Amino acid sequence: MSPLVQGLLTIFIGVGGCVGYFFLSNLILDKVIFPARAENPGLNINRANLVRPWLFLFPAMAALGLYLVYPVVGSFWRSLYNRSGDEFIGFGNYATMFSDDGFQVALFNNFLWVLIVPASATFLGLLVAQLTDRLKWGNIAKSLIFMPMAISFVGASLIWKFVYANNADIGLINALRDFFGAEEPLDVLQVRFWNNFFLMFILIWIQTGFAMVILSAALRGIPEETVEAAIIDGANPFQVFFKIKVPQIMGTIVVVWTTITILVLKVFDIVYTMTGGNFGTEILPSYMMSYMFRDDGRATAVAFVIMIIVLPVMIWNIRQARAEMR
Amino acid sequence: MDNIAGTKSSLTWAVQISVVLLVVLWLIPTVGLLVSSFRDRDQISASGWWLSPFAVEQNFQASIPAEEARKDGEFFVIEGNIFAGGEGEVIRFGGARSAPTAYAPGETADLRRDRTLVVQANGDFVYKNPQEIKRDPNIYYSSSTPPEFSLGNYRTILFSNGMDVAFINTFTVTIPATIIPILIAAFAAYALAWMDFKGRGFLIAMVVGLLVVPLQLALVPLLQLHNKVGIGQSFLGIWLAHTGFGLPLAIYLLRNYMVGLPRDIIESAKVDGATDFQVFTKIVLPLSFPALASFAIFQFLWVWNDLLVAKVFLPSNSESWVMTVKIADDLLGSRGGDWGILAGAAFISIAVPLAVFFTMQRYLVRGLLAGSVK
């Protein structure tokens, strides 16, 4: 059976199954288990309403539990076993991993990524949002800068492979170097340490649009009176921006910043396609993928380290959400 | 507003120019890829894509047949045209491999052993040798080829490299993985937004927390689970995985939107005797269309562009490669130096997301805003 037919069938079964489940389970609840016309209809309706939310929630909660909650525990458990998974070795995987040079490089590089990518993308996004705010063609400019969001990390990596190509007739970087009189083309992806920044720029290129869209909306939401008052008091445009506007959208800036930080900890595609983790560019997600299928114990240990790095953001997010609900 | 106090002219110009610069900087790499995808391998390595609207100068070598030589006085002479009836323009020429572009058209090249060679700009040449000509002599010349764009790369990649299979596979993965989570999430979001029950706050907090769980954690345990229950690495497995991974964002976005719907409508429907199921399907679902569309676009882009999940949950053979895997694992290795093919493949893979992006940008922006700013 061709995958396409299989896909159509799955849509049909999946959608039909979902609709059928929700419809039938409600029907059974209302007509069979707690019918509204028995001796005490009021009580039955109330009982049915107690059960109904769980009918609505069941498929989602089951999927979330199986695909996201269970893996957190499952991964941690697996990381305590050796490569083949038959011998319990406690924190052995973590111990060997932390003494591995490759892991230390990956951890250090990841630290750089987390430090630089969110900061640059947020800053550039804010800059573009502010600059395009009053432009007539601002929306076109924004839409073009937003465009890389639609491109896959693999696609973006290929796009930038052209820019970084080790040939003055293909790569723009080397063409520029050639123009300014450099003798030999240079493979920027093999320049130790700095190559990390060339890889980071790809992600910054993608994420600036995201930061821009959200910050642009936040800038629009600033009450005009505050800006007007500042201008009347003689503030110059830079003061208006840094002292009036930025403080008012600080909350949004933090949200954008943390969202991009989380993303940075997940993206392995760029390093994988550009350098394969060679030349000292490994980061944790790509380091994990290099052990996937080879040594599941080590792979899950890396994944769990990523989880621990994400944990503070997760807790902060939950507290924000709870504060809002009150 | 910045203009009110009269800080206009110079600053406005600075703003305009810097925005133009930023936009150009942001666009150049993609434009380069697009242009390169229409040029063949030789053109790409002969000149940068930024020179592609102009003619390219390339060096060629032509071999002229020795048997056409005729005796003319004391010389053996070969005459003819190096383009052999075709069109072209000679820019420089030479008679030795060591100096292929030593002479301008029309000049007489004095070669070793008293031989001479003249090549005209239109390709006509006269070759004279005092000895009998035994081997075919070579003429070296540089000629400009006019700018040329073709769909050759796309033809190659689609019909002989299996990119068509990868394209269909990507579609096959994406469509169910977009539709099914929406349906499941919509019901859950309604329950979390409009139904009152114990533990609601906890569940909402859990969804928010799960939003940031790194996917990496899920790979190993779930693949083991899939293997154990017999799904293994298959399309069914990847649909289920994407459904699970997409749910937190789906529930979160949809709940945020549904909470904002006017309470009066829902309550008056309930007073009129509508059940929760009816309220959901007849009122809330149609009203939530913008949020549904936002999430659909997100999930579509995310699944279409995904490499990680596809690498782990799909079997690693050419029949089930999606485009991202095909490019990253196959083409970059086997066709690493063939820039035209790579550019074509990349553009095929980003064409659909770009089309979706530019037609539905409105919903995408709305979804982003609902997801992060409150």
Side-chain angles (χ1 to χ4, degrees), chain A residues 3-4 6-7 10-11 14 18 22 26 52-53 56-57 59-60 63-64 67-68 71-72 74-75 78 131-132 141 144-145 150-152 154-155 158-160 162-163 169 175 213-214 217 227 231 237 252 255 262 265-266 269 273 288 296 299-300 303 306-307 310 313-314 317-318 321-322 325, chain B residues 1-2 4-5 7 15 19 23 26-27 29-30 32-33 45 47-48 168 172 176 179-180 183-185 187-188 191 195 197 201 205 208-210 212-218 220-222 235 239 243-244 247 276-277 301 305 307 324 327-328 342 346 349-350 353-354 357 365 368-369 372-373:
Chain A
L4 201 62
Q6 213 184 328
T10 310
I11 298 181
C18 288
F22 288 116
N26 273 280
R52 197 181 332 272
F56 275 55
L57 282 167
L64 282 180
Y67 279 84
L68 288 167
V72 176
S75 264
R78 181 64 185 82
L131 290 181
T132 52
L144 291 177
I145 288 181
I151 297 177
S152 63
V154 174
L158 257 185
I159 288 177
W160 284 88
F162 271 76
V163 177
D169 281 324
V213 164
I214 292 173
V227 179
I231 292 174
T252 315
V255 170
I262 295 293
L265 289 166
K266 289 185 194 171
D269 319 33
T273 17
M288 184 213 161
D296 283 348
T300 43
I306 300 178
M307 177 73 202
V310 171
V313 179
M314 185 192 265
N317 271 1
I318 293 176
R322 297 210 78 125
M325 268 184 289
Chain B
M1 169 130 18
D2 294 354
I4 291 175
T7 53
V15 166
V19 174
V23 169
W26 244 246
L27 269 186
T30 318
L33 181 85
S45 39
S47 72
I168 293 173
T172 313
I179 295 177
I180 295 173
L183 215 71
I184 298 178
F187 279 94
M195 289 167 131
F197 60 93
V208 172
L210 290 179
V212 298
V213 167
L215 272 189
Q216 275 86 357
L217 273 176
V220 174
L222 284 181
F235 280 98
W239 290 322
T243 301
L247 273 180
D276 270 313
F277 190 74
L301 291 179
N305 290 337
L307 173 66
T324 45
I327 292 174
L342 286 178
S349 81
I350 65 179
L354 281 185
F357 172 82
V365 169
L368 275 182
L369 295 179
S372 5
V373 197

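This is a predicted model, so every value here is computed, not measured.
Looking at B:Thr243, there are no atoms closer than 4.5 Å to chain A (heavy atoms on both sides), in backbone or side chain. Residue contact with chain A, scored on non-hydrogen atoms closer than 4.5 Å, is absent for B:Ala185. When heavy atoms are compared at a cutoff of 4.5 Å, B:Ile184 approaches chain A by way of both its backbone and its side chain. Heavy atoms closer than 4.5 Å to chain A are found in the side chain of B:Phe197, but not in its backbone. Within the 4.5 angstrom heavy-atom criterion, atoms from both the backbone and the side chain of A:Arg52 approach chain B.
The two residues A:Ala321 and B:Val208 make their nearest non-hydrogen contact at CB-CG2, 3.7 Å. The two residues B:Pro214 and A:Met307 have their closest heavy-atom pair at CD-SD, 3.5 Å. Of all heavy-atom pairs between A:Ile159 and B:Thr30, the closest is CG2-N, 3.8 Å. Of all the heavy atoms in A:Pro71 and B:Ala218, the pair that sits closest is CB-CA, 3.5 Å.
Among B:Val220, B:Leu301, B:Ile180, B:Leu354, the residue making the largest number of heavy-atom pairs under 4.5 Å with chain A is B:Val220. Heavy-atom pairs under 4.5 Å with chain B were tallied for A:Asn317, A:Val163, A:Asn26; the largest tally goes to A:Asn26. Per-residue heavy-atom pair counts under 4.5 Å with chain A were compared for B:Leu210, B:Leu215, B:Val365, and the maximum is reached by B:Leu210. Listed options A:Thr273, A:Ile306, A:Val72, A:Leu131 were ranked by heavy-atom pairs under 4.5 angstrom with chain B; first place goes to A:Leu131. When the candidates A:Ala303, A:Ala299, A:Cys18, A:Ala150 are compared by the number of heavy-atom contacts under 4.5 Å with chain B, A:Ala150 comes out ahead.
Taken to the nearest 0.5 Å, the CE atom of A:Met288 stands 7.5 Å off from the CG atom of B:Leu217. Atom CG of B:Leu247 sits about 11.0 Å away from atom OH of A:Tyr67, to the nearest 0.5 Å. Going from atom CG of B:Leu27 over to atom CG of A:Leu144 covers 5.0 Å, rounded to the nearest 0.5 Å. The distance from the OG1 atom of B:Thr324 to the CG atom of A:Asp269 is 8.0 Å, given to the nearest 0.5 Å. One finds the CD1 atom of B:Ile350 at 4.0 Å from the CD1 atom of A:Ile151 (value rounded to the nearest 0.5 Å).
Taking the side chain as every heavy atom from C-beta outward, B:Val23 and A:Ile145 approach each other to under 4.5 Å.
Classified by interplanar angle (parallel below 30°, tilted 30° to 60°, perpendicular above 60°), the ring pair A:Phe56/B:Phe187 is perpendicular.
Paired with B:Val212 under the rule side-chain contact (heavy atoms from CB on, under 4.5 Å), one option of A:Ile318, A:Ile262, A:Leu265 passes, and it is A:Ile262.
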